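Below is one structure, written out as structure tokens, with a few remarks after it.
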Amino acid sequence: MALELPALPYAYDALGPFMSKETLEFHHDKHHMAYVTNGNNFLKDSPLASLSIDEICKKAFAEKSAGLVNNVGQHYNHLHFWNWMKPHGGGKKIPAALMNAIDADLGGYDKMRTDFVQAGLTQFGSGWCWIAKKDGKLAIMKTPNGENPLMHGAQPILGCDVWEHSYYIDYRNARQKYLEAFVDNLVNWDYVEQRFSA
Ligand code: MN3
């Protein structure tokens with residue numbers, strides 16, 4: 001299975017002013033493209049190549065295949081990241097079943113928002129913060145570099161990229177402001193709900 005770069009699900013200027021056209025051009029066309037190219041190079045001679053991308057993530061991590069973990073991991077993470085955002089997203093317009101789980105497992109919307117932002121803020125260096133399903137419950141997680149919750153026995157339902165390439169053009173070093181804008185103005189809760197219910 002060759003990895004392919006999908007088109008963005010919205011126009012490059014659709015997420016302004018919270019994420020600029022320039023950021024999306026670099027992030028999607030250059031950074032994500034590089035993970036696709038490098039991932040395909042690592043997969044070319046790998047016995048994992050015939051597996052689904054979810055399985056490649058899990059097996060590559062178990063086998064400590066750093067090239068696949070970082071590049072196929074990042075491909076998986078970005079495939080979903082583009083869909084985890086939409087114009088006029090974010091805030092509390094959350095489908096009921098998902099909101100009930102946030103209330104039950106994450107202490108409600110405000111605590112979820114605080115803890116998600118904090119996870120992203122305290123991820124040292126490059127990585128991601130997440131809401132994931134683990135052992136039947138929602139949990140806030142963070143992972144370094146190209147790792148994701150699949151590699152740690154959990155199913156990601158929302159993730160935010162805290163690599164500097166995701167926010168430095170728009171927010172400079174203000175990672176917290178970027179994370180708050182992501183939760184308040186960008187999250188596509190319908191896509192989160194789809195992954196929650198799957
Ligand atoms: Mn990225």
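Computed from heavy atoms alone, side chains included, the values below leave out hydrogens, waters and symmetry copies. Atoms within a ligand are numbered from 1 in the order they appear, just like the ligands themselves. Predicted, not measured: the structure shown is a model, and the values here were computed from it.
Ring planes of Tyr35 and Trp163: perpendicular class, angle over 60° (limits at 30 and 60°).
With sequence neighbours excluded, no residue forms a side-chain contact (heavy atoms from CB on, under 4.5 Å) with Ala104.
For His32 and Phe81, the distance between ring centers is not under 6.0 angstrom.
Among pairs with a residue in residues 134-153, those fulfilling ring-ring contact (aromatic ring centres under 6.0 Å, His included) read Phe61-His152, at least two apart in sequence or across chains.
For the Mn ion (ligand 1), protein N/O/S neighbours under 2.8 Å (waters excluded) are His27 NE2, His78 NE2, Asp161 OD2, His165 NE2.
In the model, His88 has no side-chain atom that pairs as donor or acceptor with a side-chain atom of Asn185 under 3.5 Å.
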Donor-acceptor pairs under 3.5 Å, side chain of residues 188-198 to any protein atom, not counting sequence neighbours: which ones?
{"unit_1": "Asn188", "atom_1": "OD1", "unit_2": "Asp190", "atom_2": "N", "d": "3.2"}
{"unit_1": "Asn188", "atom_1": "OD1", "unit_2": "Tyr191", "atom_2": "N", "d": "3.3"}
{"unit_1": "Asn188", "atom_1": "ND2", "unit_2": "Asn83", "atom_2": "O", "d": "3.3"}
{"unit_1": "Trp189", "atom_1": "NE1", "unit_2": "Gly91", "atom_2": "O", "d": "2.8"}
{"unit_1": "Tyr191", "atom_1": "OH", "unit_2": "His80", "atom_2": "ND1", "d": "2.7"}
{"unit_1": "Glu193", "atom_1": "OE2", "unit_2": "Ser197", "atom_2": "OG", "d": "3.0"}
{"unit_1": "Arg195", "atom_1": "NE", "unit_2": "Pro156", "atom_2": "O", "d": "3.1"}
{"unit_1": "Arg195", "atom_1": "NH2", "unit_2": "Tyr76", "atom_2": "OH", "d": "3.0"}
{"unit_1": "Arg195", "atom_1": "NH2", "unit_2": "Pro156", "atom_2": "O", "d": "2.9"}
{"unit_1": "Ser197", "atom_1": "OG", "unit_2": "Glu193", "atom_2": "O", "d": "2.9"}

